[in-house]
**Student:** 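What follows is a single structure, and I will ask about it in a moment.
One-based numbering, in listed order, for ligands and for the atoms of each.
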Amino acid sequence: MSASHRQATAGPHRVLILGAGYAGMAAATQLAARTRRADVQVAVVNARERFTERLRLHMAATGQQLAELDIPELLAVTGAQFVRGWVTAVDAQAKTVRVDDSRELRYDTLVYALGSVTDTAAVPGAEDHAYTLDGPSGAPALADRLARLGGGTVVVVGSGLTGVEAAAEIAERHPGLDVTLVGRQDPGAAMNTKARAYLRAALTRLGVRVLSGAPVTAVLPDGVVLAGAETVAADVVLWTAGTRAAPLAAAAGLTVDERGLVVTDTTLRSVSHPDVYAIGDTAAIRQSYGVLHGTCQSGMPTGVHAAVSIARTLRGRRPKPFRFGYYHTPVSLGRNDAVVQFTRPDDSPRRGCLTGRTAVWYKETVSASPWPTYRRMSRLPSSGAFWPRGGRFTRVRDAR
Ligand SMILES: Cc1cc2nc3c(=O)[nH]c(=O)nc-3n(C[C@H](O)[C@H](O)[C@H](O)COP(=O)(O)OP(=O)(O)OC[C@H]3O[C@@H](n4cnc5c(N)ncnc54)[C@H](O)[C@@H]3O)c2cc1C
């Protein structure tokens, strides 16, 4: 720790990480391992002890059991402290966080990693009448409803990859239900011709009806209304279109964008509050090709980068700019099929893609990898620092 820093604070430097999702866990395991011999206290606040495998929520939504991944057990070997609770407020001036409205935690450096939620405020009725995959209650509640439905129609709104994965999974697990996928764009619109055609054929094989170019303007108790006033009847509506951040960051006075995401500088610090790092889905992180869209693929590297930057700062060095380039888009199409689109760093599709059993294996390997990665990073912190930096797509002058 730098001498100036020791003078400024009495006792250990307190790093508080809010959210133990994909990005927060990467930050926690890296930081605890990198500051083991320093006078640093790392604590992680999360709503519950069980890790939410968001990548598999479409499976949970169809009643499939997910692994019990215990956050405190994993953190115990790293030395990071776990605090179970719901963050209700951040006071960025006083540098405190309220948990469950009853406890107050102090920090010297904050890592804000609370993820995002589905944007049900986008159209009237979505909040009241549609299911989402959010949180531990969203997917199980939908699973319960689908299991009791017997027959009928499910409308999945949002033709992005979450919508595609959910529609395919529901159609495969509940062949007695009619599943319609509704969205502005064709499913797989960002993929190359071969991958897009494969995805579309898989949806047809599973019996999913696709209505694209059809923005939903309202959700009713018994269906959805499309632009042009046509209605599609539904017993269940699942809303997957768009994400936004919780209002907490804006309420704390952090600079946020139009979706409530914390705007960061090149090193992932809040542009308004440099003692706050923002990572994962909840951060608006700009690269030369645009603002990152929420993925685990980019979220984990942001967590590692924040940890490396905090460790550097505590040694009196400057944090480096964050650089990241995408490399793939893996999409499951039920349990027995998948498609993987390989991408350029700016997320545009390359010629290469995988389909069928190889793609199923690839997707499963990706989905299963975070937990062993956290374990490995807590033993070998440098192993976490390898991710595609994006080459010429993200090259910047280092502010060393
Ligand atoms: C069905 C589905 C499939 C996906 N597939 C892929 C994929 O194949 N590849 C890919 O890269 N990405 C995929 N994604 C996106 C990926 O899941 C997200 O980008 C990733 O979860 C973001 O990680 P995060 O750590 O920012 O947020 P999260 O993983 O959402 O973690 C946020 C954490 O904060 C906690 N939290 C939130 N608010 C509070 C609060 N107020 N108090 C306490 N705790 C709180 C939450 O409980 C959670 O533990 C998929 C998403 C979905 C929904």
**Student:** Atoms of ligand 1 less than 4.0 Å from Gly280 heavy atoms?
**Tutor:** 26 (O)

**Student:** So, 4.0 Å and heavy atoms of Gly85: is ligand 1 close enough to count as a contact?
**Tutor:** yes

**Student:** Taking 4.0 angstrom as the limit and counting only heavy atoms of Trp86, give me the atoms of ligand 1 inside it, by number and element.
**Tutor:** 38 (N), 39 (C), 40 (C), 41 (N), 42 (N), 43 (C), 45 (C)

**Student:** Quick one: which ligand 1 atoms are inside 4.0 Å of a heavy atom on Thr162?
**Tutor:** 1 (C), 52 (C), 53 (C)

**Student:** Does atom NZ of Lys95 have more than 12 heavy-atom neighbours from other groups under 6.0 Å away?
**Tutor:** yes

**Student:** Does any N/O atom on Cys296 come nearer than 3.5 Å to any N/O atom on ligand 1?
**Tutor:** yes

**Student:** State whether the shortest distance between N or O atoms of Thr295 and N or O atoms of ligand 1 falls below 3.5 angstrom.
**Tutor:** yes

**Student:** Counting both backbone and side chain atoms, is some N or O of Lys363 under 3.5 Å from an N or O of ligand 1?
**Tutor:** yes

**Student:** Using the test side-chain contact (heavy atoms from CB on, under 4.5 Å), find all partners of Pro215 that sit at least two apart in sequence or belong to another chain.
**Tutor:** Arg184, Ala227

**Student:** What residue and atom, counting heavy atoms only, is the protein's closest point to atom 31 (O) of ligand 1, and at what distance?
**Tutor:** Gly21 CA, 3.1 Å

**Student:** Could you list the atoms of ligand 1 found under 4.0 angstrom from a heavy atom of Gln297?
**Tutor:** 11 (O)

**Student:** Does the side chain of Leu55 reach to within under 4.5 Å of the side chain of Leu57, using non-hydrogen atoms?
**Tutor:** no

**Student:** Can you give me the closest heavy-atom contact between Thr78 and Ala80, atom names plus distance?
**Tutor:** OG1-N, 3.0 Å

**Student:** Identify the closest protein heavy atom to atom 25 (O) of ligand 1: which residue and atom is it, and at what distance?
**Tutor:** Ala23 N, 2.8 Å

**Student:** Do His58 and Thr162 meet the criterion of a side-chain donor-acceptor pair at a distance under 3.5 Å?
**Tutor:** no

**Student:** Starting from atom 14 (N) of ligand 1, what is the nearest protein heavy atom, named by residue and atom, and what distance separates them?
**Tutor:** Leu55 CD2, 3.6 Å

**Student:** Does the gap between the ring centers of His293 and Tyr326 come in under 6.0 Å?
**Tutor:** yes

**Student:** Atoms of ligand 1 less than 4.0 Å from Pro330 heavy atoms?
**Tutor:** 8 (O)

**Student:** What residue and atom, counting heavy atoms only, is the protein's closest point to atom 2 (C) of ligand 1, and at what distance?
**Tutor:** Arg54 O, 3.4 Å

**Student:** Under 3.5 Å, is there a donor-acceptor pair linking the side chains of Arg323 and Thr394?
**Tutor:** yes

**Student:** Report the residues that fulfil salt bridge (charged side-chain N to carboxylate O under 4.0 Å, His left out) with Arg259, sequence neighbours left out, ordered by chain and then residue number.
**Tutor:** none

**Student:** Report the member of Thr52, Asp100, Asn46 with the shortest heavy-atom distance to atom 48 (C) of ligand 1.
**Tutor:** Asn46

**Student:** To the nearest 0.5 Å, how far apart are CG in Asp108 and CG in Leu314?
**Tutor:** 9.0 Å

**Student:** Determine whether the aromatic ring centres of residues Trp239 and Tyr131 are separated by less than 6.0 angstrom.
**Tutor:** no

**Student:** His328 vs Phe342, test: ring-ring contact (aromatic ring centres under 6.0 Å, His included). Steps then yes/no.
**Tutor:** CA-CA 4 Å; His328 66 194; Phe342 294 106; 7.2 Å; no

**Student:** Please list, in number order, the atoms of ligand 1 under 4.0 Å from a heavy atom of Gly294.
**Tutor:** 19 (O)

**Student:** May I ask you to identify the nearest protein heavy atom to atom 27 (O) of ligand 1, giving residue, atom name and distance to one decimal place in Å?
**Tutor:** Gly115 CA, 3.4 Å

**Student:** Check this for me - ligand 1, Val87, N or O atoms closer than 3.5 angstrom, yes or no?
**Tutor:** yes

**Student:** Has Met25 got any heavy atom lying under 4.0 angstrom from an atom of ligand 1?
**Tutor:** no

**Student:** Less than 6.0 angstrom from the centroid, inside 45 degrees of the normal: does Arg357 satisfy that with respect to the ring of Trp361?
**Tutor:** no

**Student:** Give the atom numbers and elements of ligand 1 that come within less than 4.0 Å of a heavy atom of Ala113.
**Tutor:** 32 (C), 34 (O)

**Student:** Please list the nearest protein heavy atom to atom 23 (O) of ligand 1 with its residue and the distance rounded to 0.1 Å.
**Tutor:** Tyr22 CB, 3.8 Å

**Student:** Considering both backbone and side-chain atoms of Ala47, is one of its nitrogen or oxygen atoms within less than 3.5 Å of a nitrogen or oxygen in ligand 1?
**Tutor:** yes

**Student:** Could you list the atoms of ligand 1 found under 4.0 angstrom from a heavy atom of Gly19?
**Tutor:** 34 (O)

**Student:** Classify the contact between Glu165 and ligand 1 as side chain, backbone, both or neither, using a heavy-atom distance cut-off of under 4.0 Å.
**Tutor:** side chain

**Student:** Are side-chain N/O atoms of Ser270 and Ser272 paired as donor and acceptor at under 3.5 Å?
**Tutor:** yes

**Student:** Rounded to the nearest 0.5 Å, how far does CG of Leu161 lie from CG of Leu199?
**Tutor:** 8.0 Å

**Student:** Counting only heavy atoms, which portion of Leu114 has something under 4.0 Å from ligand 1: side chain, backbone, both, or neither?
**Tutor:** both

**Student:** Please check if the distance between the ring centroids of Phe324 and Tyr289 is under 6.0 Å.
**Tutor:** no

**Student:** If you have a sec, work out which protein heavy atom is nearest atom 18 (C) of ligand 1 and how many Å separate them, to one decimal?
**Tutor:** Asp281 OD2, 3.5 Å

